[in-house]
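Every chain is numbered from 1 and lettered A, B, ... according to where its sequence line falls, protein lines coming before strand lines. What you see is a predicted model; the values in this text were computed from it and never measured. Side-chain atoms are counted along with the backbone in the values below, which use heavy atoms only and exclude waters and symmetry mates.
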There are 2 protein chains.
Amino acid sequence: MAKSGRPSRPGPAKADTAGATRRALVDAAIESLRFDGFAGASARAIGTRAGLNPGLIFYHFGSVADLLLAALAEVSARRMERYSAAVDSATTPGELVTVAAGIFREDLDEGYVTVLVEMIAGASSSPALGEQVAALIAPWRAFAQRAIEAIVADSPLAALVPVGDAAHAVVALYLGLEMLSHLDGDRAAALRLFDRAGQLASVFGMTVPSAPAKETT
Amino acid sequence: MAKSGRPSRPGPAKADTAGATRRALVDAAIESLRFDGFAGASARAIGTRAGLNPGLIFYHFGSVADLLLAALAEVSARRMERYSAAVDSATTPGELVTVAAGIFREDLDEGYVTVLVEMIAGASSSPALGEQVAALIAPWRAFAQRAIEAIVADSPLAALVPVGDAAHAVVALYLGLEMLSHLDGDRAAALRLFDRAGQLASVFGMTVPSAPAKETT
DNA sequence: GTCTATACTTGGATAGAC
DNA sequence: GTCTATCCAAGTATAGAC
(Lines give C-alpha, C1' and ligand atoms only; values in the text may rest on other atoms or scores of the structure.)
Protein backbone atom coordinates (compact mmCIF):
# COMPACT_ATOMS: atom_id res chain seq x y z
CA MET A 1 0.00 0.00 0.00
CA ALA A 2 0.98 3.58 -0.74
CA LYS A 3 3.90 2.08 -2.62
CA SER A 4 2.65 3.23 -6.03
CA GLY A 5 5.26 4.94 -8.18
CA ARG A 6 6.75 7.54 -5.88
CA PRO A 7 10.19 6.61 -4.54
CA SER A 8 10.16 9.61 -2.23
CA ARG A 9 9.70 8.15 1.21
CA PRO A 10 12.84 8.12 3.36
CA GLY A 11 12.49 4.56 4.59
CA PRO A 12 15.54 2.37 5.19
CA ALA A 13 15.11 0.85 1.74
CA LYS A 14 16.49 2.66 -1.32
CA ALA A 15 19.88 4.30 -1.67
CA ASP A 16 19.47 6.09 1.67
CA THR A 17 21.71 9.00 0.85
CA ALA A 18 20.60 10.92 3.92
CA GLY A 19 21.61 8.06 6.19
CA ALA A 20 25.03 7.89 4.55
CA THR A 21 25.53 11.61 5.00
CA ARG A 22 24.48 11.43 8.63
CA ARG A 23 26.88 8.58 9.28
CA ALA A 24 29.73 10.39 7.55
CA LEU A 25 29.09 13.47 9.65
CA VAL A 26 28.94 11.49 12.89
CA ASP A 27 32.21 9.76 12.05
CA ALA A 28 33.85 13.06 11.19
CA ALA A 29 32.53 14.57 14.43
CA ILE A 30 34.09 11.72 16.42
CA GLU A 31 37.39 12.29 14.64
CA SER A 32 37.19 16.01 15.24
CA LEU A 33 36.47 15.62 18.95
CA ARG A 34 39.40 13.28 19.15
CA PHE A 35 41.97 15.34 17.28
CA ASP A 36 40.70 18.92 17.48
CA GLY A 37 39.06 18.73 20.89
CA PHE A 38 35.65 20.12 21.74
CA ALA A 39 36.89 23.67 21.22
CA GLY A 40 38.17 22.84 17.75
CA ALA A 41 35.21 20.74 16.64
CA SER A 42 33.58 23.47 14.57
CA ALA A 43 31.11 22.99 11.73
CA ARG A 44 33.86 23.85 9.29
CA ALA A 45 36.38 21.46 10.82
CA ILE A 46 33.89 18.61 10.83
CA GLY A 47 32.70 19.41 7.32
CA THR A 48 36.26 19.37 6.04
CA ARG A 49 37.00 16.03 7.70
CA ALA A 50 33.84 14.57 6.16
CA GLY A 51 34.51 16.18 2.78
CA LEU A 52 31.02 17.67 2.99
CA ASN A 53 29.45 21.09 3.12
CA PRO A 54 29.24 22.33 6.72
CA GLY A 55 25.66 23.38 6.13
CA LEU A 56 24.65 19.73 6.06
CA ILE A 57 25.32 19.57 9.78
CA PHE A 58 22.51 22.03 10.40
CA TYR A 59 20.16 20.35 8.00
CA HIS A 60 20.66 16.88 9.42
CA PHE A 61 21.30 17.66 13.09
CA GLY A 62 20.07 21.19 13.71
CA SER A 63 23.25 22.43 15.37
CA VAL A 64 26.88 21.51 15.93
CA ALA A 65 26.14 20.66 19.56
CA ASP A 66 23.47 18.18 18.54
CA LEU A 67 25.83 16.50 16.09
CA LEU A 68 28.46 16.22 18.82
CA LEU A 69 25.86 14.65 21.10
CA ALA A 70 25.04 12.17 18.36
CA ALA A 71 28.75 11.39 18.08
CA LEU A 72 28.96 10.84 21.82
CA ALA A 73 25.91 8.57 21.73
CA GLU A 74 27.46 6.57 18.90
CA VAL A 75 30.78 6.08 20.67
CA SER A 76 29.00 5.24 23.89
CA ALA A 77 26.84 2.60 22.20
CA ARG A 78 29.79 1.02 20.37
CA ARG A 79 31.88 0.70 23.51
CA MET A 80 29.03 -0.38 25.73
CA GLU A 81 28.52 -3.35 23.45
CA ARG A 82 32.19 -4.24 23.67
CA TYR A 83 32.40 -3.94 27.46
CA SER A 84 29.14 -5.78 28.06
CA ALA A 85 30.38 -8.78 26.13
CA ALA A 86 33.61 -8.74 28.09
CA VAL A 87 31.90 -8.58 31.47
CA ASP A 88 29.60 -11.42 30.53
CA SER A 89 32.49 -13.61 29.43
CA ALA A 90 34.63 -13.10 32.52
CA THR A 91 34.18 -15.54 35.37
CA THR A 92 36.60 -14.31 38.03
CA PRO A 93 37.35 -10.79 39.28
CA GLY A 94 40.94 -11.04 38.13
CA GLU A 95 39.83 -12.18 34.71
CA LEU A 96 37.31 -9.34 34.53
CA VAL A 97 39.91 -6.69 35.22
CA THR A 98 42.36 -8.26 32.78
CA VAL A 99 39.78 -8.26 30.02
CA ALA A 100 38.73 -4.71 30.91
CA ALA A 101 42.36 -3.64 30.72
CA GLY A 102 42.57 -4.99 27.18
CA ILE A 103 39.54 -3.02 26.10
CA PHE A 104 40.76 0.07 27.89
CA ARG A 105 43.92 -0.19 25.84
CA GLU A 106 41.74 -0.14 22.74
CA ASP A 107 39.92 2.88 24.12
CA LEU A 108 43.16 4.75 24.59
CA ASP A 109 44.47 3.78 21.18
CA GLU A 110 41.25 4.54 19.33
CA GLY A 111 40.49 7.67 21.32
CA TYR A 112 37.05 6.63 22.47
CA VAL A 113 37.38 7.94 26.01
CA THR A 114 38.81 11.14 24.59
CA VAL A 115 35.41 11.74 23.04
CA LEU A 116 33.72 11.34 26.43
CA VAL A 117 36.23 13.59 28.16
CA GLU A 118 35.98 16.31 25.55
CA MET A 119 32.20 16.28 25.69
CA ILE A 120 32.09 16.36 29.48
CA ALA A 121 34.58 19.20 29.63
CA GLY A 122 32.92 21.00 26.73
CA ALA A 123 29.54 20.71 28.39
CA SER A 124 30.64 23.53 30.70
CA SER A 125 29.97 25.95 27.88
CA SER A 126 26.20 25.47 28.10
CA PRO A 127 23.90 24.20 30.87
CA ALA A 128 21.58 22.57 28.34
CA LEU A 129 24.45 20.61 26.81
CA GLY A 130 25.56 19.58 30.26
CA GLU A 131 22.27 17.88 31.01
CA GLN A 132 22.28 15.99 27.74
CA VAL A 133 25.86 14.83 28.20
CA ALA A 134 25.04 13.72 31.73
CA ALA A 135 22.18 11.64 30.38
CA LEU A 136 24.52 9.91 27.94
CA ILE A 137 27.13 9.22 30.63
CA ALA A 138 24.64 7.86 33.17
CA PRO A 139 24.45 4.37 31.58
CA TRP A 140 28.17 3.97 32.17
CA ARG A 141 27.80 4.44 35.89
CA ALA A 142 24.98 1.93 35.96
CA PHE A 143 27.12 -0.44 33.96
CA ALA A 144 30.11 -0.02 36.25
CA GLN A 145 27.87 -0.61 39.22
CA ARG A 146 26.55 -3.87 37.80
CA ALA A 147 30.07 -5.03 37.01
CA ILE A 148 31.24 -4.26 40.53
CA GLU A 149 28.23 -5.95 42.06
CA ALA A 150 29.08 -9.06 40.10
CA ILE A 151 32.64 -8.90 41.42
CA VAL A 152 31.91 -8.41 45.09
CA ALA A 153 28.78 -10.59 45.19
CA ASP A 154 30.54 -13.68 46.54
CA SER A 155 33.28 -11.79 48.33
CA PRO A 156 33.45 -10.45 51.88
CA LEU A 157 34.02 -6.96 50.43
CA ALA A 158 30.34 -6.77 49.51
CA ALA A 159 29.39 -5.19 52.81
CA LEU A 160 32.44 -2.94 53.00
CA VAL A 161 32.25 -1.07 49.72
CA PRO A 162 29.02 0.66 48.68
CA VAL A 163 28.81 -0.34 45.02
CA GLY A 164 27.33 2.99 43.94
CA ASP A 165 30.30 4.91 45.29
CA ALA A 166 32.76 2.37 43.94
CA ALA A 167 31.22 2.67 40.48
CA HIS A 168 31.48 6.44 40.68
CA ALA A 169 35.15 6.13 41.56
CA VAL A 170 35.86 3.69 38.75
CA VAL A 171 34.26 5.92 36.13
CA ALA A 172 36.10 8.95 37.51
CA LEU A 173 39.40 7.09 37.47
CA TYR A 174 38.76 6.00 33.90
CA LEU A 175 38.18 9.56 32.76
CA GLY A 176 41.12 10.89 34.71
CA LEU A 177 43.53 8.27 33.41
CA GLU A 178 42.46 9.06 29.87
CA MET A 179 43.06 12.77 30.42
CA LEU A 180 46.55 12.23 31.75
CA SER A 181 47.44 9.64 29.13
CA HIS A 182 46.30 11.95 26.41
CA LEU A 183 48.06 14.92 27.94
CA ASP A 184 51.51 13.40 27.88
CA GLY A 185 50.94 10.91 25.11
CA ASP A 186 51.88 8.00 27.31
CA ARG A 187 49.44 5.22 28.07
CA ALA A 188 52.00 3.11 29.90
CA ALA A 189 51.25 4.55 33.35
CA ALA A 190 47.53 3.95 32.95
CA LEU A 191 48.01 0.40 31.73
CA ARG A 192 50.38 -0.40 34.59
CA LEU A 193 47.62 0.59 37.00
CA PHE A 194 45.24 -1.81 35.31
CA ASP A 195 47.74 -4.62 35.72
CA ARG A 196 48.06 -3.74 39.38
CA ALA A 197 44.26 -3.67 39.73
CA GLY A 198 44.08 -7.10 38.14
CA GLN A 199 46.50 -8.47 40.70
CA LEU A 200 44.59 -6.91 43.57
CA ALA A 201 41.28 -8.21 42.23
CA SER A 202 42.74 -11.70 42.13
CA VAL A 203 44.03 -11.44 45.66
CA PHE A 204 40.91 -9.95 47.22
CA GLY A 205 38.48 -11.95 45.15
CA MET A 206 39.61 -15.50 44.74
CA THR A 207 42.64 -16.77 42.98
CA VAL A 208 41.16 -20.24 42.60
CA PRO A 209 40.34 -20.61 38.94
CA SER A 210 38.12 -23.63 39.63
CA ALA A 211 35.50 -21.62 41.48
CA PRO A 212 32.12 -22.61 40.05
CA ALA A 213 30.67 -19.13 40.43
CA LYS A 214 28.86 -19.08 37.10
CA GLU A 215 25.13 -18.92 36.50
CA THR A 216 23.97 -17.23 39.67
CA THR A 217 20.82 -15.78 38.09
CA MET B 1 70.26 57.04 40.89
CA ALA B 2 68.58 57.37 37.51
CA LYS B 3 65.56 58.35 39.52
CA SER B 4 65.54 61.90 38.17
CA GLY B 5 62.16 63.17 37.08
CA ARG B 6 60.85 60.48 34.78
CA PRO B 7 58.29 58.19 36.41
CA SER B 8 58.34 55.94 33.37
CA ARG B 9 59.95 52.74 34.58
CA PRO B 10 57.53 49.85 35.18
CA GLY B 11 59.03 48.69 38.47
CA PRO B 12 56.85 47.35 41.27
CA ALA B 13 56.75 50.80 42.88
CA LYS B 14 54.31 53.42 41.55
CA ALA B 15 50.66 52.88 40.66
CA ASP B 16 51.50 49.77 38.63
CA THR B 17 48.53 50.03 36.29
CA ALA B 18 49.87 47.31 34.02
CA GLY B 19 50.13 44.89 36.91
CA ALA B 20 46.56 45.64 37.95
CA THR B 21 45.31 45.05 34.43
CA ARG B 22 47.22 41.80 34.18
CA ARG B 23 45.79 40.58 37.45
CA ALA B 24 42.24 41.57 36.44
CA LEU B 25 42.64 39.67 33.19
CA VAL B 26 44.01 36.58 34.91
CA ASP B 27 41.14 36.60 37.40
CA ALA B 28 38.61 37.04 34.61
CA ALA B 29 40.25 34.21 32.68
CA ILE B 30 39.93 31.91 35.70
CA GLU B 31 36.26 32.84 36.00
CA SER B 32 35.71 32.29 32.32
CA LEU B 33 37.37 28.86 32.34
CA ARG B 34 35.20 27.98 35.28
CA PHE B 35 31.85 29.17 33.98
CA ASP B 36 32.25 29.26 30.18
CA GLY B 37 34.62 26.34 29.81
CA PHE B 38 37.72 26.34 27.62
CA ALA B 39 35.59 26.54 24.50
CA GLY B 40 33.77 29.60 25.78
CA ALA B 41 36.80 31.38 27.18
CA SER B 42 37.25 33.76 24.25
CA ALA B 43 39.00 37.10 24.29
CA ARG B 44 35.61 38.81 24.18
CA ALA B 45 34.15 36.73 27.02
CA ILE B 46 37.18 37.33 29.23
CA GLY B 47 37.27 41.02 28.36
CA THR B 48 33.62 41.39 29.29
CA ARG B 49 34.12 39.64 32.63
CA ALA B 50 37.05 41.90 33.41
CA GLY B 51 35.26 45.01 32.15
CA LEU B 52 38.24 45.63 29.90
CA ASN B 53 38.95 45.88 26.21
CA PRO B 54 39.71 42.41 24.76
CA GLY B 55 42.68 43.85 22.95
CA LEU B 56 44.47 44.17 26.28
CA ILE B 57 44.78 40.42 26.38
CA PHE B 58 46.99 40.49 23.31
CA TYR B 59 49.01 43.42 24.54
CA HIS B 60 49.72 41.91 27.95
CA PHE B 61 49.81 38.20 27.14
CA GLY B 62 50.27 37.88 23.40
CA SER B 63 47.37 35.47 22.86
CA VAL B 64 44.29 34.07 24.56
CA ALA B 65 46.05 30.73 25.01
CA ASP B 66 48.91 32.37 26.86
CA LEU B 67 46.51 34.19 29.17
CA LEU B 68 44.74 30.92 29.90
CA LEU B 69 48.09 29.34 30.72
CA ALA B 70 48.83 32.21 33.10
CA ALA B 71 45.43 31.59 34.71
CA LEU B 72 46.25 27.91 35.10
CA ALA B 73 49.64 28.74 36.61
CA GLU B 74 48.00 31.12 39.06
CA VAL B 75 45.39 28.61 40.22
CA SER B 76 48.01 25.91 40.45
CA ALA B 77 50.27 28.08 42.60
CA ARG B 78 47.44 29.15 44.92
CA ARG B 79 46.28 25.60 45.54
CA MET B 80 49.73 24.12 45.81
CA GLU B 81 50.41 26.46 48.71
CA ARG B 82 47.19 25.38 50.40
CA TYR B 83 47.82 21.67 49.95
CA SER B 84 51.46 21.85 50.94
CA ALA B 85 50.57 23.45 54.25
CA ALA B 86 47.95 20.78 54.87
CA VAL B 87 50.31 17.91 54.12
CA ASP B 88 52.94 19.37 56.40
CA SER B 89 50.47 19.75 59.26
CA ALA B 90 49.06 16.23 59.08
CA THR B 91 50.75 13.57 61.20
CA THR B 92 48.79 10.41 60.40
CA PRO B 93 47.53 9.01 57.09
CA GLY B 94 43.92 9.27 58.24
CA GLU B 95 44.43 12.87 59.25
CA LEU B 96 46.10 13.64 55.96
CA VAL B 97 43.19 12.33 53.94
CA THR B 98 40.69 14.13 56.15
CA VAL B 99 42.47 17.43 55.72
CA ALA B 100 42.83 16.80 51.98
CA ALA B 101 39.11 16.12 51.80
CA GLY B 102 38.40 19.51 53.34
CA ILE B 103 40.55 21.28 50.80
CA PHE B 104 39.09 19.23 47.98
CA ARG B 105 35.68 20.45 49.07
CA GLU B 106 37.01 23.99 48.68
CA ASP B 107 38.34 23.07 45.26
CA LEU B 108 34.94 21.84 44.15
CA ASP B 109 33.14 24.86 45.57
CA GLU B 110 35.55 27.40 44.20
CA GLY B 111 35.99 25.64 40.87
CA TYR B 112 39.76 25.36 41.03
CA VAL B 113 39.97 21.85 39.66
CA THR B 114 37.53 22.86 36.95
CA VAL B 115 40.23 25.17 35.65
CA LEU B 116 42.72 22.29 35.48
CA VAL B 117 40.22 20.00 33.79
CA GLU B 118 39.19 22.58 31.21
CA MET B 119 42.80 23.34 30.38
CA ILE B 120 43.77 19.68 30.06
CA ALA B 121 40.78 18.94 27.87
CA GLY B 122 41.23 22.14 25.89
CA ALA B 123 44.88 21.33 25.31
CA SER B 124 43.72 18.83 22.68
CA SER B 125 43.10 21.72 20.34
CA SER B 126 46.82 22.41 19.92
CA PRO B 127 49.92 20.28 20.47
CA ALA B 128 51.92 23.27 21.67
CA LEU B 129 49.33 24.10 24.30
CA GLY B 130 49.33 20.47 25.38
CA GLU B 131 53.02 20.56 26.23
CA GLN B 132 52.70 23.73 28.24
CA VAL B 133 49.70 22.44 30.17
CA ALA B 134 51.56 19.21 30.87
CA ALA B 135 54.45 21.20 32.30
CA LEU B 136 52.08 23.01 34.65
CA ILE B 137 50.40 19.79 35.78
CA ALA B 138 53.64 17.92 36.39
CA PRO B 139 54.29 19.51 39.82
CA TRP B 140 51.01 18.06 41.05
CA ARG B 141 52.12 14.54 40.30
CA ALA B 142 55.38 15.15 42.07
CA PHE B 143 53.48 16.59 45.00
CA ALA B 144 51.07 13.65 45.13
CA GLN B 145 54.03 11.30 45.04
CA ARG B 146 55.72 13.01 47.97
CA ALA B 147 52.49 12.92 49.97
CA ILE B 148 52.04 9.22 49.28
CA GLU B 149 55.62 8.47 50.13
CA ALA B 150 55.09 10.16 53.48
CA ILE B 151 52.02 8.02 54.06
CA VAL B 152 53.44 4.64 53.21
CA ALA B 153 56.91 5.28 54.59
CA ASP B 154 56.32 3.57 57.92
CA SER B 155 53.71 1.17 56.63
CA PRO B 156 54.04 -2.33 55.17
CA LEU B 157 52.35 -1.06 52.00
CA ALA B 158 55.54 0.72 51.01
CA ALA B 159 56.85 -2.26 49.08
CA LEU B 160 53.49 -3.19 47.58
CA VAL B 161 52.47 0.06 45.90
CA PRO B 162 54.85 1.83 43.52
CA VAL B 163 54.44 5.42 44.66
CA GLY B 164 54.79 6.83 41.15
CA ASP B 165 51.85 4.81 39.90
CA ALA B 166 49.82 5.55 43.00
CA ALA B 167 50.39 9.27 42.56
CA HIS B 168 49.31 9.00 38.95
CA ALA B 169 46.12 7.29 40.04
CA VAL B 170 45.37 9.85 42.74
CA VAL B 171 45.74 12.77 40.34
CA ALA B 172 43.60 10.99 37.75
CA LEU B 173 40.92 10.24 40.33
CA TYR B 174 40.97 13.84 41.42
CA LEU B 175 40.40 15.09 37.90
CA GLY B 176 37.75 12.48 37.17
CA LEU B 177 35.81 13.20 40.35
CA GLU B 178 35.80 16.88 39.54
CA MET B 179 34.49 16.19 36.04
CA LEU B 180 31.63 14.07 37.30
CA SER B 181 30.79 16.41 40.16
CA HIS B 182 30.69 19.32 37.80
CA LEU B 183 28.67 17.42 35.23
CA ASP B 184 25.77 16.64 37.49
CA GLY B 185 26.24 19.49 39.95
CA ASP B 186 26.58 17.11 42.87
CA ARG B 187 29.71 16.96 44.99
CA ALA B 188 28.21 14.57 47.51
CA ALA B 189 29.38 11.43 45.75
CA ALA B 190 32.95 12.69 45.51
CA LEU B 191 33.05 13.78 49.14
CA ARG B 192 31.68 10.42 50.29
CA LEU B 193 34.60 8.76 48.56
CA PHE B 194 37.02 10.96 50.44
CA ASP B 195 35.42 9.95 53.72
CA ARG B 196 35.77 6.34 52.71
CA ALA B 197 39.41 6.91 51.77
CA GLY B 198 40.02 8.51 55.15
CA GLN B 199 38.69 5.42 56.89
CA LEU B 200 40.78 3.11 54.77
CA ALA B 201 43.88 5.21 55.34
CA SER B 202 43.32 4.95 59.08
CA VAL B 203 42.87 1.20 58.91
CA PHE B 204 45.82 0.45 56.64
CA GLY B 205 48.07 3.08 58.14
CA MET B 206 47.83 3.19 61.86
CA THR B 207 44.90 4.24 63.95
CA VAL B 208 47.13 5.04 66.92
CA PRO B 209 47.06 8.81 67.31
CA SER B 210 50.05 8.74 69.65
CA ALA B 211 52.47 7.66 66.94
CA PRO B 212 55.53 9.93 67.20
CA ALA B 213 56.11 9.94 63.48
CA LYS B 214 56.95 13.62 63.21
CA GLU B 215 60.27 15.17 62.22
CA THR B 216 61.75 12.45 60.11
CA THR B 217 63.91 14.80 58.08
C1' DG C 1 53.96 52.09 28.09
C1' DT C 2 49.05 51.49 28.02
C1' DC C 3 44.90 51.15 25.85
C1' DT C 4 40.88 51.58 22.16
C1' DA C 5 38.84 51.49 17.69
C1' DT C 6 38.87 48.76 13.98
C1' DA C 7 40.51 45.25 10.37
C1' DC C 8 40.37 40.83 9.29
C1' DT C 9 39.20 35.73 9.91
C1' DT C 10 36.48 31.98 11.27
C1' DG C 11 32.13 30.07 13.01
C1' DG C 12 27.05 29.21 13.16
C1' DA C 13 23.09 29.25 10.61
C1' DT C 14 19.72 29.72 6.52
C1' DA C 15 17.52 31.11 2.03
C1' DG C 16 17.05 29.34 -1.84
C1' DA C 17 18.95 26.06 -5.77
C1' DC C 18 18.43 21.41 -7.28
C1' DG D 1 14.17 15.81 0.66
C1' DT D 2 18.94 17.05 0.02
C1' DC D 3 22.45 20.16 -0.49
C1' DT D 4 25.29 24.70 -1.56
C1' DA D 5 26.15 29.59 -1.72
C1' DT D 6 25.97 33.13 1.25
C1' DC D 7 24.81 36.06 5.33
C1' DC D 8 25.67 37.78 9.92
C1' DA D 9 27.79 37.19 14.45
C1' DA D 10 31.82 36.27 17.15
C1' DG D 11 36.75 35.48 17.40
C1' DT D 12 41.64 36.96 17.04
C1' DA D 13 44.77 40.36 16.36
C1' DT D 14 46.85 45.08 15.42
C1' DA D 15 47.44 50.00 13.88
C1' DG D 16 47.36 53.85 15.78
C1' DA D 17 45.46 57.14 19.69
C1' DC D 18 46.67 58.70 24.20
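Here A:Ser42 pairs with A:Arg44, A:Ala45 under the side chain to side chain contact (heavy atoms under 4.5 Å, CB included) rule; sequence neighbours left out. Applying the side-chain hydrogen bond (donor to acceptor under 3.5 Å, both in side chains) criterion to A:Arg141, with sequence neighbours excluded, gives B:Asp184.
The distance from atom CG of B:Asp16 to atom C1' of C:dG1 is 12 Å, rounded to the nearest whole Å. The nearest whole Å value for the distance from the CZ atom in A:Phe61 to the P atom in C:dG12 is 15 Å. Here the C1' atom of nucleotide D:dA13 and the CG atom of B:Leu25 are 15 Å apart, to the nearest Å. Distance A:Ile57 CD1 to C:dT14 C1': 14 Å, rounded to the nearest Å. Rounded to an integer number of Å, the gap from B:Phe58 CZ to C:dA7 P is 17 Å.
For A:Thr21 and D:dC3, the shortest distance from a side-chain N or O to OP1 or OP2 is below 4.0 Å. Side-chain nitrogen and oxygen atoms of A:Tyr59 include none within less than 4.0 Å of the OP1 or OP2 phosphate oxygen of D:dC3. Contact annotation: B:His60 side-chain N/O to C:dC3 OP1/OP2 distance is under 4.0 Å.
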Between B:Arg192 and B:Asp186, does a salt bridge (Lys or Arg N to Asp or Glu O under 4.0 Å) hold up when you go through it step by step? CA-CA 11 Å; B:Arg192 259 201 314 274; B:Asp186 171 34; 6.0 Å; no
Could you check A:His60 against A:Val26 for side-chain contact (heavy atoms from CB on, under 4.5 Å), going step by step and ending with a plain yes or no? CA-CA 10 Å; A:His60 286 287; A:Val26 167; over 6 Å; no
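Nearest to the side chain of B:Thr17, among C:dA13, C:dT2, D:dA13, sits C:dT2.
A salt bridge is defined here as a Lys NZ or Arg NE, NH1 or NH2 lying under 4.0 Å from an Asp or Glu carboxylate O, and B:Glu106 with B:Arg79 meets this definition. One finds no salt bridge joining A:Asp107 and A:Arg82 here, because no Lys/Arg side-chain nitrogen approaches an Asp/Glu carboxylate oxygen to under 4.0 Å.
Less than 4.0 Å separates DNA chain D from at least one heavy atom of each of the following residues of residues 40-56 of chain A: A:Asn53, A:Gly55, A:Leu56.
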